[in-house]
Amino acid sequence: MNSEASASSGNDTRDRLTGLRDRRTFLARLRRDCLRTMSSGGMLAILVVNINQFRRVNSVFGLNVGDHVLAAVATMLHRLGRRNDLVARIGSDEYALLLPGVMNEGHAVLAANKIQRELEAPLDIEGTRVPVSVTIGIALCPTHSSHAETLFKQAEMALTRARRTGSVYLVAEPVKAMEIADTWDLEIELESAVENEELELHYQPQVSMRDGAIVGAEALMRWQSPSRGLLLPDEFIHVAEETGRIQSLTQWALNCALRQARESRERTGRDVTFAVNMPASTYQNPNLIDLVGNAMRLWDAPSGCLALEVTESLAMADPDTAFETMKHLRALGVRIAIDDFGTGYSSLSYFRDIPADELKIDRVFVQRMLESEADESLVEVMVQLGHRFGMRVTSEGVETGDAHARLAGLGCDVAQGRLMAAPMPFDEFLEWVAQRGADWRQPDSGR
Ligand code: C2E
Ligand code: CA
Ligand code: CA
């Protein structure tokens, strides 16, 4: 059944089907090894290995053979690795290799060639000959990044390019010295962004699918940089996270959202919940509960006016601590939303205990469901899962009337996306609420 379930033992979790480490463990090791590589002055490589057209293997040979193929590829990768290499299964048909202490790029390329050669002959799965091929993306620390998440992204991008160009493998694009210098400047500029009042929150409405009523808005950070113009979070949040600057940005966002929630109540006479994104590192901050509590008192915030969006992978990385923190936050009257649901690879058994009020289905699923019935079924299951555990379900990235209608049909509660409105500055948001907040549908939208 191409199972993705993970068995866990402490911090080291494994994929049940192949016995390999899972994505979470891989990333944890990668973080550690990147730090080590940086302090020792060495080099490490990662390879992301994707089985080509694995769906076809499943449909031609059956799921049972498919499972055996996944296990056989796992065994082969494990056999090729050296003692300190780490092999993990990071997706249904995707593996990752971590090669610490490589001398140069050639070493990683050699590994990719070896993998390809191993697969030149079809696999023998209980007497059935199954042809299998793979595509590989390669990235090196520190050449392509010294930051685990970015490095991983670089390898995945190389994989995507390899697929597109029909190459067996590709190495990530070299990062230009200019770009490194640029990141450095960005870090320095970001240091003074809060005190120079260069940050602002834009708000994107969240609207009830049943009656069009506005139930809240997500606060999304924008940086009006004097030298670069308006920057979106994807361009600076990762830098803030790498440098630890993210703590002060989060504190700023909390206070700004609470202040504007109050202003919004006063000017529109409506109660809306403003949702603030919490970065991955937040739950390691022991002062988080005080920080939120103090900000709520400062802005005299009523219960329910603040939601915190927490990504699924974050909540699951250390569930005991995260759940304890969430419970305290809820006791302060804060709503907890699980963000980007479905994109992590967390175990469902944790889900049972998440103290959350809301589940946000990631926009990739909403986009994919329009093209594939299987993805629509996934969304349906996520909606049911949320409801089964008493959560409100919000869909992100609702761009078309078709998506809206289908999500409503699946029982989704709240929609957020460009169909209703793109994120907008606070004043515009208030106008939006005043003008058509009661019902987002415009007369000419044809629905
Ligand atoms: P997210 O939490 O998934 O936020 C939703 C993103 O989807 C926003 O991008 C929003 O502009 C975009 N979006 C809205 N409607 C649509 C649509 O119909 N289609 C598509 N394709 N996209 C849509 P944005 O503002 O660029 O934010 C990107 C990410 O940055 C956010 O993803 C969030 O993870 C992070 N982020 C934003 N603000 C903050 C913040 O204050 N603190 C932290 N730590 N992270 C933030
Ligand atoms: Ca979010
Ligand atoms: Ca999201």
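Keep in mind that the numbers below use all heavy atoms, side chains included, and drop hydrogens, waters and symmetry copies. Just follow the structure's listing: the first ligand is 1, and inside any ligand the first atom is 1.
Angle OD1(Asn277) to the Ca ion (ligand 2) to OE1(Glu309), rounded to 10°: 90°.
Every heavy atom of Lys360 sits 4.0 Å or more from the atoms of ligand 1. Residue contacts with ligand 1: Gln416 is excluded, as none of its non-hydrogen atoms falls under 4.0 Å. The closest approach between any non-hydrogen atom of Glu241 and ligand 1 is not below 4.0 Å.
Atom-to-atom distance recorded for Glu200:CD and Leu230:CG is 6.5 Å, nearest 0.5 angstrom.
Among the backbone and side-chain atoms of Asp362, no N/O/S atom is found under 3.0 Å from the Ca ion (ligand 3). At a cut-off of 3.0 Å, Thr311 does not coordinate the Ca ion (ligand 2) through any N, O or S atom.
Atom OD1 is the N/O/S atom of Asp340 found closest to the Ca ion (ligand 3). The atom of Asp339 nearest to the Ca ion (ligand 2) is OD2, with the search restricted to N, O or S atoms. Looking at Glu218, its N, O or S atom nearest to the Ca ion (ligand 2) turns out to be OE2. Counting just the N/O/S atoms of Glu396, the one with the shortest distance to the Ca ion (ligand 3) is named OE2.
Of all atoms in ligand 1, numbered sequentially from 1 with element shown, those under 4.0 Å from a heavy atom of Glu396 are 3 (O). Distances below 4.0 Å separate heavy atoms of Pro279 from the following atoms of ligand 1: 44 (N). Residue-ligand proximity, Glu218 to ligand 1, at heavy-atom distances under 4.0 Å covers atoms 2 (O), 4 (O). The Gln367 neighbourhood of ligand 1 comprises atoms 21 (N), with distances under 4.0 Å to a heavy atom of that residue.
Contacts between Val398 and ligand 1 below 4.0 angstrom, taking non-hydrogen atoms only, involve the backbone exclusively. If you look at Asp340 next to ligand 1, the close heavy atoms, those under 4.0 Å, all belong to the side chain. Contact annotation for Asp339 and ligand 1: only side-chain heavy atoms (C-beta onward) come within less than 4.0 Å of the ligand.
The distance criterion of under 3.5 Å between nitrogen or oxygen atoms is not met by Asp362 with respect to ligand 1. Note: no N/O pair closer than 3.5 Å links Pro423 and ligand 1 by distance alone.
Contact of the Met382 side chain with the Val393 side chain is not registered, since no non-hydrogen atoms from C-beta on lie closer than 4.5 Å. Within the 4.5 Å cutoff, the side chain of Leu410 has heavy atoms near those of the Glu376 side chain.
There is a protein heavy atom less than 4.0 angstrom from atom 41 (O) of ligand 1.
Within the cation-pi definition used here (under 6.0 Å to the ring centroid, within 45° of the axis), Arg368 qualifies as a partner of Phe365.
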